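Just below is one structure, and these are the notes that go with it.
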Amino acid sequence: MPEGHTVHRLARALTDLFAGQRLTVTSPQGRFAGGAALLDGRVLAGASAWGKQLFVDFVPADGGTRAPDDVRVLRVHLGLYGAWTFAGDGSAVVVQAIGAPRRRIGETETLPPVAGALDEPVPLPRGDESPASASGPEGDVALEVVADAPVPDWQPPAPRGAVRVRLRGVHAVADLTAPTTCEVLTPSEARAVVERLGPDPIRWGDAARAGTEPDPHDDPQRFVDAVRRSRTPVGARLMDQSVVAGVGNIYRAEVLYRARLDPFRPGSSVPVEDLRAVWDDLVELMLDGVRTGAIVTTLPEDRVPGGTTGRHRVRQNSDAVPGAVPSDASFYVYHREGLPCRVCGNPVLVREVAGRNLYSCATCQR
DNA sequence: GACCAATGTTGAC
DNA sequence: TCAACCTTGGTCC
């Protein structure tokens, strides 16, 4: 059940593991046999994420170019419970996680965060206080290829469950299960998918931190305009991928809480400055999510011991990592219905909006 | 062991 | 509006 940060991590992992390698592509389950045949034997040029959409570019292995006619794009959307499971040969690929021969990326990934970076809170979006930029190495990739030679006689594990597609490279395999979407597109078809999406805070933030020119597609003004164009509640607009790409049910609830914004407020009535602040906060929170693999929105002073019952526990990817914020201390409102608001003490509310549970504090959010 | 909800989206009715 | 996707973890018995 990934939000955008997970898919961005996934794109990095696939690039790190396979870029430049000729892959064997199969569909053990059989449902993607035709697509797999279109990709089998090609070279993985790179993977990228736009919101929750994953695109993996394949080019011909022999004498091909990256001209559009030669590129085939694997498009994957994990949906509610899709996942990638990785297995490596264990000697040529160093997995930073200790003793993790099998890594699942998707929901229960075990890619480690950058050491020491876990407990740094993302400051609330107050005034023009510029949040301290995240410390630690940027673009944590978690894997380091230290040898190019394949390990002799290494055999990947048998596919587990209904594996839609398996990518096999020199040092590792990646298995995709239960995606909502898995298809082969031309580059222009892939771009058409991107054009349907709103701006992606992670892409915008990546470009800003790298000092490179952001794609105009990711301009935050598109987000501000889209929300204000409609009287639809801002809480509903945030879940619309054509308004902002990559935000899911946790980031929606949490970013509105951190902005103290009532989710039911009509989008058209939210001031531009407030929406700008929401965007800036999404950039910070989601880049933090990419870096650590976990969503943590609470400030340390709000993680009061005993502030939760332990029910509605939400798994966090880094639960086992020393220094990680416990999962039941990570959120202000998400999955905390009936529990006291961490700030005002009044019970957190849950209301269903368009089929999804929306959590908020009626006292703090107006 | 049965049952259910879920960090999501698409398409049929 | 609802089923499909067909996994995973938690709860309840």
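These numbers come from a predicted model, not from an experiment. Letters go in sequence order (proteins before strands), and every chain restarts at 1.
You'll find the side chain of A:H171 stays beyond 4.5 Å of the side chain of A:L17, heavy atoms only.
When distances are taken from the side chain of A:E3 to each of B:dG8, C:dC6, B:dA6, the shortest belongs to B:dG8.
Sorted by first and then second residue, the side chain to side chain donor-acceptor pair (under 3.5 Å) pairs with a member in residues 34-56 of chain A read A:Q53-A:R75; sequence neighbours excluded. Pairs engaging residues 347-366 of chain A under the ring-ring contact (aromatic ring centres under 6.0 Å, His included) rule: A:Y334-A:Y359, A:H335-A:Y359 [sequence neighbours left out]. Here side chain to side chain donor-acceptor pair (under 3.5 Å) pairs that include residues 262-272 of chain A, with residues two or more places apart or in two chains, are A:R265-A:S269.
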With 3.5 Å as the limit, what N/O pairs link the protein to nucleotides 9-13 of chain B?
unit_1, atom_1, unit_2, atom_2, d
B:dT9, OP1, A:K52, NZ, 3.4
B:dT9, OP2, A:K52, NZ, 3.4

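Between the P atom of C:dC5 and the CG atom of A:L176 lies a distance of 15 Å, rounded to the nearest Å. For the pair A:L78 CG and C:dA4 C1', the interatomic distance rounds to 17 Å; values are reported in whole Å. We find that OH of A:Y81 is positioned 13 Å from P of C:dA3, with the value rounded to whole Å. Following rounding to the nearest Å, A:D240 (CG) and B:dG8 (C1') show an atom-to-atom distance of 13 Å. In this structure, A:D328 atom CG and C:dG9 atom P are separated by 17 Å, rounded to whole Å. Atom-to-atom, CG of A:L80 to C1' of C:dA4 comes out at 11 Å; the value is rounded to the nearest Å. Remark: P of B:dG8 and CG of A:L197 are 14 Å apart, rounded to the nearest angstrom. The distance from atom NE2 of A:H5 to atom C1' of B:dG8 is 14 Å, rounded to the nearest whole Å.
In this model, the phosphate group of C:dC6 is approached by a side-chain N or O of A:R31 to a distance below 4.0 Å at OP1 or OP2. Contact between the side-chain N/O atoms of A:N357 and the OP1/OP2 oxygens of B:dA6 is found at a separation under 4.0 Å.
Among the atoms of the strands shown, only primed sugar atoms or phosphate atoms (P, OP1, OP2) are found under 4.0 Å from some heavy atom of A:Q29.
Take A:Q155 and apply the side chain to side chain contact (heavy atoms under 4.5 Å, CB included) test, not counting sequence neighbours, and it matches A:R168.
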Sequence neighbours left out, cut at 3.5 Å: what donor-acceptor pairs do the side chains of residues 270-279 of chain A make with other protein atoms?
unit_1, atom_1, unit_2, atom_2, d
A:R276, NH2, A:Q221, OE1, 2.8

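Under the 4.0 Å criterion applied to side-chain N and carboxylate O atoms, A:E183 and A:R164 are not assigned as salt-bridge partners.
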